[in-house]
Amino acid sequence: MIARRSAAVLAATAVIGVAATPFAHAADPSPSASPSVAKPAGLYGGTDPTYDGVWRQSLALLAQDTVGVEPAAAAVDWLTGQQCASGAFAPFRADPGKACDAKTPVDTNMTAAAVQALAALGGHEAVTGKAVTWLKSAQAADGGWGYTAGGPSDANSTSLVVGALTAVGEQPRDVVKGGKSPYDALLSLSVPCDEDGGGAFAYQPDKKGALAANADATAAAVIGALGKGLAAPAAKKAADASCAEGDPTPEQAAAGGAAHLAQAVQKDGHLMSALAGAEDQPDVGNTADAVVALAAQGGAERAAKPLAWLERNGPEWAAQGGPSAYAQLVFAAHATGTDPRDFGGTDLVQRLNATGPAPRAADTSAEAESSGSEAEADSDDGAGVWWIVGVGLVAGIGIGFLISGRNKGRRP
């Protein structure tokens, strides 16, 4: 969701060309009309998994767990089998039996999303433990994380990792590098109250160090600053949303971000996006993320208006976006106490389940599959030059709360 999504949209031009709805299509885009690789058994979604396989699988499994559905063993095994020996995850490894090497494009976003999903399911401590160890090794000197190890920190990646740390029972404030925690990194990206967009978060500073408000980054950072993950629940009690002057705490920074989002959706109930080559249009994915952020910070009532808009427009968008899009809507429903099986008249759970192997609860065979072992491939991690170049080609084109390379500063 949260953060989202450079790697998954390396064929953004094709996506823009085929979108059938009037809204930004973007949660599970494919680089081609048909997959260029064989669809693995157990994988959710029918599009090419090269750039987002682990992402959409992680969100699908986490969403299923959130609504009490037990995923198919084959789906869980596929995800655990994507891990490199280092602990990191790449978007997709066509041959998990082949050792990862320096050209394997592992990244923090895929790894953090996988941790959140597998930690929620339980019983995968070996996999999540190795993944968290790798994430800690990739922490930047400012306390945050970039999309790839060694890259500059951004709000989306840092927030995703915060969610992963929380999911395995760690305190993000205690995970430090050079005396800086993830919260320090997020606070450094909070736009001062007396500046344009005050209270919002920037994706990253620009070349001159200036911070530009970014709705995508703000939705992600509100969740991160609260120490929560992709499937964040509503706040237990209502909280004020306003921009705090001076040196805010993480909670105060989250309140400032929520105030910015609330203002952004006040008129029409949704956020806007500007995809390259297309006119500004409603952004369904970012609106779903904003619903989660608003509810997590200030309670479900805070998100009532964008939720109503999302119920009217989200299901059609998700029908194109695939499993990760349906998952984003499930997270929005969960955060607001809305029935995901009757979301604007659509059964999101049924639609999500239909994009992959039947979950165990729906398995009508004589005996459900056993979960099997948590396969782990051997070898080192790294980000190949081709991957960095590919991400650069689509910087600024995004798809939902989460894969961080998306839309660096171009969201409203």
Side-chain angles (χ1 to χ4, degrees), residues 2-7 9 12 24 107-109 138-162 177-178 180 182-225 243-248 250 253-254 256-257 259-261 263-264 271-278 280 283 286 289-290 293 383 388-412:
I2 32 191
R4 322 162 196 269
R5 328 91 137 114
S6 65
V9 286
D107 66 72
T108 63
N109 287 213
Q139 189 173 17
D142 62 3
W145 282 267
Y147 186 76
T148 57
S153 296
D154 65 74
N156 299 66
S157 297
T158 300
S159 298
L160 276 170
V161 177
V162 166
K177 182 73 171 289
K180 299 288 188 179
Y183 295 134
D184 292 312
L186 289 175
L187 290 173
S188 72
L189 295 171
S190 178
V191 180
C193 298
D194 59 354
E195 296 184 11
D196 185 32
F201 287 82
Y203 173 76
Q204 287 175 332
D206 66 17
K207 293 181 178 180
K208 295 182 179 180
L211 301 176
N214 181 300
D216 180 32
T218 300
V222 167
I223 298 298
C243 190
E245 302 284 353
D247 297 318
H260 178 83
L261 291 173
Q263 182 177 21
L271 297 175
M272 297 291 291
S273 69
L275 294 177
D280 288 4
D283 189 314
N286 272 358
D289 298 338
I388 300 300
V389 171
V391 171
L393 291 174
V394 294
I397 304 175
I399 66 177
F401 166 21
L402 306 129
I403 300 177
S404 73
R406 132 193 186 163
N407 208 359
K408 303 181 180 179
R410 302 179 73 175
R411 295 283 178 193

Visitor: Looking only at heavy atoms, which two atoms of Lys180 and Gln139 are closest? And how far apart?
Guide: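 Lys180 and Gln139 have their closest heavy atoms at O-NE2, 3.8 Å.
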
Visitor: Distance alone, cut at 3.5 Å: any donor-acceptor contact between the side chains of Ser157 and Asp154?
Guide: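 On atom types as modelled, these side chains qualify, holding a pair under 3.5 Å.
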
Visitor: Closest approach of Ala213 and His260, non-hydrogen atoms and distance?
Guide: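 Shortest heavy-atom separation between Ala213 and His260 comes out as CB-CE1, 4.0 Å.
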
Visitor: Taking atom CG of Asp194 as the centre, report whether more than 12 heavy atoms of other residues, nucleotides or ligands fall under 6.0 Å from it.
Guide: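 Yes, CG of Asp194 has more than 12 neighbouring heavy atoms, counting only those of other groups under 6.0 Å.
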
Visitor: I want to check something: taking the side chain as every heavy atom from C-beta on, are Leu186 and Ser159 in contact at a cut-off of under 4.5 Å?
Guide: yes

Visitor: Quick check: does any side chain N or O of Lys177 sit under 3.5 Å from a backbone N or O of Gly143, one acting as donor and the other as acceptor?
Guide: no

Visitor: About how many Å separate CG of Asn214 and CD of Gln204, when rounded to the nearest 0.5 Å?
Guide: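 Result: 10.5 Å between the selected atoms.
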
Visitor: How close do Val222 and Ala293 get, heavy atom to heavy atom, and via which atoms?
Guide: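 Heavy atoms of Val222 and Ala293 come nearest at CG1-O, 3.7 Å.
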
Visitor: Taking all atoms of both residues into account, what is the closest heavy-atom pair of Ala185 and Ser188, and its distance?
Guide: O-OG, 2.6 Å

Visitor: Indicate the atoms forming the closest heavy-atom contact of Thr218 with Ala200, along with that distance.
Guide: OG1-CB, 3.5 Å

Visitor: Find the distance between OG1 (Thr158) and OH (Tyr183) and round it off to the nearest 0.5 Å.
Guide: 12.0 Å

Visitor: With sequence neighbours excluded, what pairs up with Glu245 under the side chain to side chain contact (heavy atoms under 4.5 Å, CB included) test?
Guide: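 Testing Glu245 for side chain to side chain contact (heavy atoms under 4.5 Å, CB included), a comparison that skips the adjacent residues, returns Cys193.
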
Visitor: Could you report the tightest heavy-atom contact between Ala155 and Ala202, atom names first, then the distance?
Guide: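 Distance-wise, the nearest heavy atoms are CB-O, 3.5 Å.
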
Visitor: Can you tell me how far the CG atom of Asn156 sits from the CG atom of Asn109, to the nearest 0.5 Å?
Guide: 7.5 Å

Visitor: Spell out, as yes or no, whether a donor-acceptor pair under 3.5 Å connects the side chain of Thr108 to the backbone of Trp145.
Guide: no

Visitor: Is the number of heavy atoms from other residues, nucleotides or ligands under 6.0 Å of Gln263 CD greater than 12?
Guide: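 Open.
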
Visitor: Atom CG in Asp216, atom OG in Ser273: separation rounded to 0.5 Å?
Guide: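 So the CG of Asp216 and the OG of Ser273 are separated by 10.0 Å.
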
Visitor: Measure the spacing between CG of Asp283 and CE of Met272 and express it to the nearest 0.5 Å.
Guide: 9.0 Å

Visitor: Taking only residues two or more places apart in sequence or in another chain, which ones pass side chain to side chain contact (heavy atoms under 4.5 Å, CB included) with Pro205?
Guide: Leu189, Leu211

Visitor: Looking at residues at least two apart in the chain, or sitting in another chain, which of them share a side chain to side chain donor-acceptor pair (under 3.5 Å) with Ser153?
Guide: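 With sequence neighbours excluded, Ser153 shows a side chain to side chain donor-acceptor pair (under 3.5 Å) to Asp142, given in chain and number order.
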
Visitor: Working to the nearest 0.5 angstrom, can you tell me the gap between Leu261 CG and Asn286 CG?
Guide: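 Rounded to the nearest 0.5 Å, the CG-CG separation comes to 9.0 Å.
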
Visitor: Taking Ser190 for the side chain and Ala253 for the main chain, is one N or O donor matched with an acceptor at less than 3.5 Å?
Guide: no

